[in-house]
Amino acid sequence: KGNIYTHNVIDRIYGSEIANAGGDYHVGRSMDEGLADYFACTITDDASHGDYVNPHPRNLDNNLAYNLGSDDWINGQVIGGAVWDVRKATNASIADYLAFKALQLTPHARSYEDFLFNVLKVDLSTYGGAYHSQIEVAFAKHAISPPGPPAMTIVSPVLSGWNMVSVPNQSYDYASQTAQYLKSFI
């Protein structure tokens with residue numbers, strides 16, 4: 001049905017299945033399944049897909065997170081569900097555009113985090129980052145965080161009285177793919 005067409009489109013964009021394009025095979029395979037399911041669901045405006053498929057009907061209206069013990073179709077509901085949640089937070093045409101253009105960006109996403117990063121880049125370049133927070137919240141619901149440097153811990157001993165320490169607040173600039181530091185005082 002609709003997801004078979006999308007599998008073919010993804011194969012054309014990546015040159016093969018996502019699973020065969022590098023990275024973890026099962027993550028790639030589940031991304032392929034979940035994104036194909038997303039586009040099939042958005043066409044029908046229904047989060048349920050594959051009710052005729054037994055034993056793996058899929059529902060993208062979920063709170064699932066990636067589970068190494070689950071099969072690729074179940075884990076596909078993680079990325080599909082994240083994009084479906086973006087759709088609910090924005091609208092179908094915005095989410096569809098973000099997802100399809102994120103697939104086309106190079107380097108191609110090889111993980112859920114890479115795909116989120118590409119969605120954020122498309123949002124920034126097309127919509128000026130207008131949907132950044134909705135996208136991050138939707139993906140966080142599925143335990144998918146944007147890639148970037150880890151937070152820093154700064155230790156400063158206080159011997160007596162007050163101790164004011166300047167601590168850089170770290171954020172990540174998705175456009176330039178670099179860490180940014182803003183001054184703050186604690």
Enquirer: Test your reading of the model: is there a side-chain donor-acceptor pair from Gln77 to the backbone of Asn59, 3.5 Å cut-off?
Expert: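 Yes.
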Enquirer: Might you work through the side chain to side chain contact (heavy atoms under 4.5 Å, CB included) test for Leu103 and Phe39, ending with a clear yes or no?
Expert: CA-CA 12 Å; Leu103 278 168; Phe39 285 107; 4.1 Å; yes
Enquirer: Are any of the side-chain heavy atoms of Phe115 and Leu35 separated by less than 4.5 Å?
Expert: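 The answer is yes; the side chains approach within 4.5 Å.
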Enquirer: If you compare all heavy atoms of Ala89 against all heavy atoms of Gln134, which two are closest, and at what distance to 0.1 Å?
Expert: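 Answer, listing the atom of Ala89 first, then Gln134: CB-CB, 3.9 Å.
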Enquirer: Within the structure provided, determine whether Leu120 and His132 are in side-chain contact (heavy-atom separation under 4.5 Å).
Expert: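 Yes; the side chains approach each other to less than 4.5 Å.
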Enquirer: Measuring only between side-chain heavy atoms, which start at C-beta, is Phe139 closer than 4.5 Å to Asp85?
Expert: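 Heavy-atom side-chain distance check fails, nothing below 4.5 Å.
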Enquirer: Shortest non-hydrogen contact from Glu33 to Arg58?
Expert: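 For Glu33 and Arg58, the tightest heavy-atom pair comes out as OE1-NH2, 4.2 Å.
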Enquirer: For the residue pair Val78 and Ser30, establish whether any side-chain heavy-atom pair is separated by less than 4.5 Å.
Expert: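 Side chain of Val78 against side chain of Ser30, heavy atoms only: no contact under 4.5 Å found.
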Enquirer: Counting N and O atoms only, with roles assigned by atom type, does the side chain of Asp37 sit under 3.5 Å from a partner on the main chain of His49, one being a donor and the other an acceptor?
Expert: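 Not at all, since once roles are kept as given, no pair shorter than 3.5 Å links the two residues.
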Enquirer: Side chains of Leu105 and Lys121: does their closest heavy-atom pair fall under 4.5 Å?
Expert: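 Of all side-chain heavy-atom pairs linking Lys121 with Leu105, at least one is under 4.5 Å.
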Enquirer: Could I get the full list of ring pair (Phe, Tyr, Trp, His ring centres under 6.0 Å) partners for Tyr112, not counting sequence neighbours?
Expert: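 Applying ring pair (Phe, Tyr, Trp, His ring centres under 6.0 Å) to Tyr112 gives Tyr66.
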Enquirer: Examine distances only and state if a side-chain atom of Asn75 and a backbone atom of Asn67 form a donor-acceptor pair shorter than 3.5 Å.
Expert: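 Answer holds: yes.
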Enquirer: For the residue pair Ala47 and Cys41, what are the closest heavy atoms and their distance?
Expert: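 Result for this residue pair: O-SG, 3.5 Å.
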Enquirer: What are the two closest heavy atoms between Tyr38 and Ala99, and how far apart are they?
Expert: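 Minimum heavy-atom separation between Tyr38 and Ala99: CE2-CB, 4.5 Å.
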Enquirer: Please report the interatomic distance CG(Asp96) to CD1(Ile43), rounded to the nearest 0.5 Å.
Expert: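 The CD1 atom of Ile43 is 8.5 Å from CG of Asp96, to the nearest 0.5 Å.
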Enquirer: Below 4.5 Å, heavy atoms only, C-beta onward: do His108 and Asn118 meet side chain to side chain?
Expert: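 They are not in side-chain contact.
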Enquirer: Between atom OG of Ser145 and atom CD of Glu136, what is the distance when rounded to the nearest 0.5 Å?
Expert: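 The distance works out to 8.0 Å.
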Enquirer: Just how far is it from atom CH2 of Trp84 to atom CD1 of Ile79, taken to the nearest 0.5 Å?
Expert: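 Going from CH2 on Trp84 over to CD1 on Ile79, the span is 15.0 Å.
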Enquirer: Could you check if a side-chain atom of Val9 sits within less than 4.5 angstrom of a side-chain atom of Phe100, using non-hydrogen atoms only?
Expert: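 Yes, close enough: below the 4.5 Å cut-off.
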Enquirer: Does any N or O in the side chain of Thr126 come within less than 3.5 Å of the main-chain N or O of Asp123, such that one atom is a donor and the other an acceptor?
Expert: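 The answer is no, because no donor-acceptor pair under 3.5 Å joins these two groups.
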Enquirer: Under a 4.5 Å cut-off applied to non-hydrogen side-chain atoms, are Phe117 and Glu113 in contact?
Expert: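 Contact flag for Phe117/Glu113 side chains = no.
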Enquirer: Grab the two heavy atoms, one from His26 and one from Asp72, that are nearest each other, plus how far apart they are.
Expert: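 Looking at all heavy atoms of both residues, the shortest contact is ND1-OD1, 3.1 Å.
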Enquirer: Determine the minimum heavy-atom distance between Ala138 and Ala82, stating which atoms define it.
Expert: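 Closest pair (atom of Ala138, atom of Ala82, distance): CB-O, 3.7 Å.
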Enquirer: Under a 4.0 Å threshold between the charged nitrogen and the carboxylate oxygen, would Asp45 count as salt-bridged to Arg87?
Expert: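 The answer is yes: the pair qualifies as a salt bridge.
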Enquirer: With Ile94, which residues qualify under side-chain contact (heavy atoms from CB on, under 4.5 Å), at least two apart?
Expert: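 Expected list: Thr90, Asn91, Leu98, Tyr127, Tyr131.
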